[in-house]
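For this chain, numbers begin at 1 and follow the sequence in order. Note: hydrogens, waters and symmetry copies are ignored here, and every other heavy atom, side chains too, is used.
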Amino acid sequence: MNLAGQLQVLSENDMQMVHEKALELLEKKGVVFQSDKAIETFRKHGAKISGQTVCIPKAMVTKALSQCPSSFLLEGMNPDRNVTIGEGLAIHPAGGEVFMRDYSGKTRDATLEDFTNLQKIYQALHNVDICGYQPVSPSDVPKRTIGLHCLAASFQNSDKPILSPMELETIEEKEECLKLFDIVYGKQGYVKEHYLTWHIATPNSPLFYSEFACEGIRVFAENNQPIALVSAPMNGITAPIYPYSTVILDVVETLAGLVYAQLVCPGVPMITSATLTSGNMRYATWECASPDSALMLAATVQMYKSFYKLPTRAQTGVTSSKTIDYQAGMEVMQSFLFTGLAGVNLTSNSVGALSNLMTTSLEKCVLDDEVISRVRFMLDGMNTSEEHMGIVELMECRPCQDFLMEDSTMEHVRDGWQPTVSDWRSTDDWEADGYKDVVQTAHERVLQILKDAPKTLLDPEQEKEISTYIQSVENAL
């Protein structure tokens, strides 16, 4: 039995109550949309408007939800790498981290070379399904065209599906990045006919969509590209102190953005997201990896996946640790496994993130790849078929015998999970190999991946057209 979705933080009655209270807040209190175009769109479809506050009736929410697909195909340059979002568990890169942590332990500003190296690592890791996004923000390229430079590096180094960067501050930047997809795929208008990326739209809790978020939803929806709604309330800071209330707020903000996207482009795929965090009053910080956060994430995943039947993402596999240590392993496995058991379809920040999403490490990317492999194996559950009961072997066995040479052992000996960086050898073998710890092993693999990676996966014509386009944008500034 597959174990995904078996964990339930909320009862059926709890989920119904969250939904009803969310509808009540949407209709009676409303959500602020700081965009004249968004306000006009809502007004046109019958929402009650007061200034920039939009009160959304239940019928409008119900209709919007009915238009959202439960899954969709996200395409990459290599069709064999395409990913169905909404089925199973898919992994995409970290996003929003600022610094790099070197193997030496130094934390520093990130560069475009760091971003490029991360794409090479993602391409090589079997458990990372999607590349691109913004695992670091390069400090050595013009801020105005950072999105184009990051996208170009992603296309050069991965044939998996590519996510557009987070830092697209203007409508022009969003449209330029979509244009780059058309260039790479070699056909004007290709973007509107295929799901190739998505846009992250994040409301400001509580109950506020900035013009930046509104325009992101509108531009990508008009181009028929999926929208990921990432409400990120922090209980006790930007949400009430109660975790249950914070879940309700997350649902309210997400449903509001979902309705707007469906008004712009009915049927455009939506990705809901559990990105709640816990406010830590002792240190005046927010904690993405606390048990409190894990409970809120799992509850929100349950709402979006089980109750609304929507593709569901979570910010999971995260840690507050500043380095790769026992704490990092504890917190990464805690949050990742918990949300996996809750049924999440897609995770962010599961690969390489440290220090409450402030820092990225190449070595941790490799280590996290194994964590993902472990969780996926466990979520698949146990084979309980008649063959796997082993009744014949048990009936015929002698007391105290071993099963090493049984036919069934020979046939299934490779069925079990095996590590990629963890060391399962004997202590003697480990000592003879130089007492290497798991981080050193990961570092050696990083160096090998970077050494083996091709200079580019694009052909010369694609390279030239991308370079010419980026140069034209920078010349016009």
Q: Before accepting this row, confirm whether a basic side-chain N of the pair Arg374/Glu370 lies closer than 4.0 Å to the acidic partner's carboxylate O.
A: yes
Q. Once the angle between the rings of His92 and Tyr133 is folded into 0 to 90°, is it parallel (under 30°), tilted (30 to 60°) or perpendicular (over 60°)?
A. perpendicular
Q: Using only heavy-atom distances, determine whether the side chains of Asn349 and Glu97 contain a donor-acceptor pair under 3.5 Å.
A: yes
Q: Answer yes or no: is there a side-chain heavy-atom contact under 4.5 Å between Thr359 and Lys322?
A: no
(Q) Are Ile130 and Leu346 packed together at the side-chain level, in the sense that at least one heavy-atom pair is separated by less than 4.5 angstrom? (A) yes
**Q.** Close side-chain approach of Gln134 and Ile146, heavy atoms under 4.5 Å
**A.** yes
**Q.** Any side-chain heavy-atom pair of Arg445 and Leu125 under 4.5 Å
**A.** yes
Q. Are Glu40 and Arg43 close enough for a salt bridge, meaning some N to O gap below 4.0 Å?
A. yes
Q: Decide yes or no for Val54 and Tyr260: does some side-chain heavy atom of the first lie under 4.5 Å from some side-chain heavy atom of the second?
A: no
Q: Compute the ring centroids of His19 and Tyr308, then answer whether they are less than 6.0 Å apart.
A: yes
(Q) So does Tyr122 get a backbone contact from the side chain of Lys160, meaning a donor-acceptor N/O pair under 3.5 Å? (A) yes
Q: Grab the two heavy atoms, one from Ala256 and one from Phe42, that are nearest each other, plus how far apart they are.
A: O-CZ, 4.1 Å
Q.
Pairing donors with acceptors under 3.5 angstrom, does anything connect the side chains of Thr300 and Asp250?
A. no
Q: Kindly indicate whether the side chain of Arg313, heavy atoms from C-beta on, has any atom under 4.5 Å from the side chain of Tyr304.
A: no
Q. Does any N or O in the side chain of Asn345 come within less than 3.5 Å of the main-chain N or O of Thr312, such that one atom is a donor and the other an acceptor?
A. yes
Q) Should the pair Glu215-Arg218 be classified as a salt bridge under the 4.0 Å nitrogen-to-oxygen rule? A) yes
Q) Just checking, any donor-acceptor pair under 3.5 angstrom between side chains of Ser278 and Trp286? A) no
Q) Are side-chain heavy atoms of Leu357 and Gln315 found at a separation under 4.5 Å? A) yes
**Q.** Between Phe208 and Phe33, ring centroids under 6.0 Å
**A.** no
Q: Report yes if the side chains of Ile237 and Met281 come closer than 4.5 Å at any heavy-atom pair, otherwise no.
A: yes
Q | Polar side chain donor-acceptor pair, Gln16 to Glu20, under 3.5 angstrom | A | yes
